[in-house]
Each structure stands twice: as C-alpha cells, then as structure tokens.
Amino acid sequence: QVQLVETGGGLVQAGGSLRLSCAASGSGISTYTMAWFRQAPGKEREFVAATRWSGGTYYTDSVKGRFTISRDNAKNTVYLQMNSLKPEDTAVYYCAAGRFFSPSSTYSRSADYNYWGRGTPVTVSS
C-alpha cells in the first residue's frame, strides 16, 4: 500500500512560482514512477509531468520549460517546481504513483497509476 500527501499549493500571481511536494509512504516507493496530474474546474484531469525511478522525466507540452519534476528517493518525496505560472495553470494538482507501464508508454495515462493523493489547489491570479 502506498500513501501520497501533497503540499505546497496556494495563491500566486501570474509570473510567480510555487513548489509542490508529494510525500510518499509505503514499501518500494523508489521503484515507482511518480507523476503530477491536475484538474481545473469543469475539466478532466490531465497529465502534467512524470519521473521514472531511473530518473527519466516527461512533461506535457504546455508546461515544458516552466515546470520541473524531481524526486528525492532518500526522502520518498517528489517535487514539482512551477515557474512562470499562468492563470491557465489554476487547478487542483494531484500526485500519483504507478509501477507497471508498457514499453511505449509516455507515462501520461491516469489509468496506469494505482495510487493517488488528495490533491493541493493552485490558483494563479492575472
């Protein structure tokens, strides 16, 4: 069993920065692919970024160059550094963990993730 707890959300002005953290507990955490998804009001949950246990990273196009995902396996924590925030980044951000992916996976499919946190809200004002 894996438990995920997100922190770091809040209100920020456009152009500002936030760093989200996801504290994970459970066995074998370091072997999981960890990801961030987000869900804006009235919209479906969407992939933001993922990091494999080996360190590979993946991003949705809209955040490339602005967001950075990283992980500290010693602390069982995953981070999402968000810079140059835009009002369209406003959403609840969720941390997710998964272990089994197809060889061709881009790690962006929510159904592939078995464990989810409760989310942390991010609001970007214009």
Side-chain angles (χ1 to χ4, degrees):
Q1 189 74 8
V2 172
Q3 293 185 328
L4 306 172
V5 179
E6 305 96 334
T7 56
L11 173 65
V12 64
Q13 288 187 334
S17 298
L18 280 175
R19 188 176 82 155
L20 306 183
S21 299
C22 172
S25 60
S27 62
I29 290 295
S30 63
T31 65
Y32 280 77
T33 292
M34 303 296 294
W36 289 95
F37 287 76
R38 65 187 180 186
Q39 188 166 18
K43 295 187 177 181
E44 294 188 354
R45 190 172 298 188
E46 66 170 354
F47 170 76
V48 176
T51 175
R52 297 184 61 197
W53 65 269
S54 59
T57 57
Y58 304 81
Y59 298 92
T60 192
D61 286 345
S62 64
V63 308
K64 285 181 181 177
R66 299 189 299 123
F67 291 11
T68 303
I69 189 171
S70 61
R71 65 193 297 165
D72 185 336
N73 287 332
K75 295 182 178 180
N76 286 344
T77 301
V78 179
Y79 304 98
L80 185 68
Q81 178 66 44
M82 305 187 295
N83 299 328
S84 302
L85 282 161
K86 304 176 181 180
E88 51 263 45
D89 295 318
T90 294
V92 177
Y93 283 71
Y94 297 90
C95 180
R99 187 178 279 182
F100 302 107
F101 297 85
S102 69
S104 60
S105 177
T106 58
Y107 306 95
S108 61
R109 201 167 73 112
S110 60
D112 291 333
Y113 292 87
N114 308 101
Y115 302 101
W116 293 82
R118 293 188 175 184
T120 184
V122 172
T123 302
V124 184
S125 63
S126 57

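Source: prediction; values computed, not measured.
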Practice problem: Please assess Asp89 against Val122 for the test side-chain contact (heavy atoms from CB on, under 4.5 Å), listing each intermediate value before the final yes or no. | Solution: CA-CA 8 Å; Asp89 295 318; Val122 172; 5.6 Å; no
Exercise. Kindly state whether the ring of Trp36 and the ring of Phe47 have centres lying under 6.0 angstrom apart.
Key: no
Self-check item: Close side-chain approach of Val48 and Tyr93, heavy atoms under 4.5 Å
Solution: yes
Practice problem: Using a 4.5 Å cut-off on heavy atoms from C-beta on, say whether the side chain of Tyr59 contacts that of Thr68. | Solution: yes
Quiz prompt | Which atom of Cys22 lies closest to which atom of Met34, heavy atoms considered | solution = SG-CE, 4.3 Å
Exercise. Quick one: list whatever passes salt bridge (charged side-chain N to carboxylate O under 4.0 Å, His left out) with Glu46, sequence neighbours left out.
Key: Arg38
Self-check item: Any Tyr94 side-chain heavy atom under 4.5 Å of Arg45 side chain
Solution: yes
Exercise. Could you tell me whether the side chain of Ser17 reaches within less than 4.5 Å of the side chain of Gln81, counting heavy atoms only?
Key: yes
Practice problem: Using a 4.5 Å cut-off on heavy atoms from C-beta on, say whether the side chain of Tyr113 contacts that of Thr33. | Solution: yes
Quiz prompt | Tyr79 vs Thr51 side-chain heavy atoms within contact, under 4.5 Å | solution = no
Quiz item: Is the distance between the ring centroids of Phe101 and Tyr107 under 6.0 Å?
Solution: yes
Quiz item: What's the shortest heavy-atom distance between Ile29 and Gly26, and which atoms?
Solution: CG1-O, 3.2 Å
Quiz item: Going from CG on Asp112 to CZ on Phe100, what distance comes out if it is rounded to the nearest 0.5 angstrom?
Solution: 11.5 Å
Practice problem: Give the intermediate values and the outcome of side-chain contact (heavy atoms from CB on, under 4.5 Å) for residues Leu20 and Thr7. | Solution: CA-CA 6 Å; Leu20 306 183; Thr7 56; over 6 Å; no
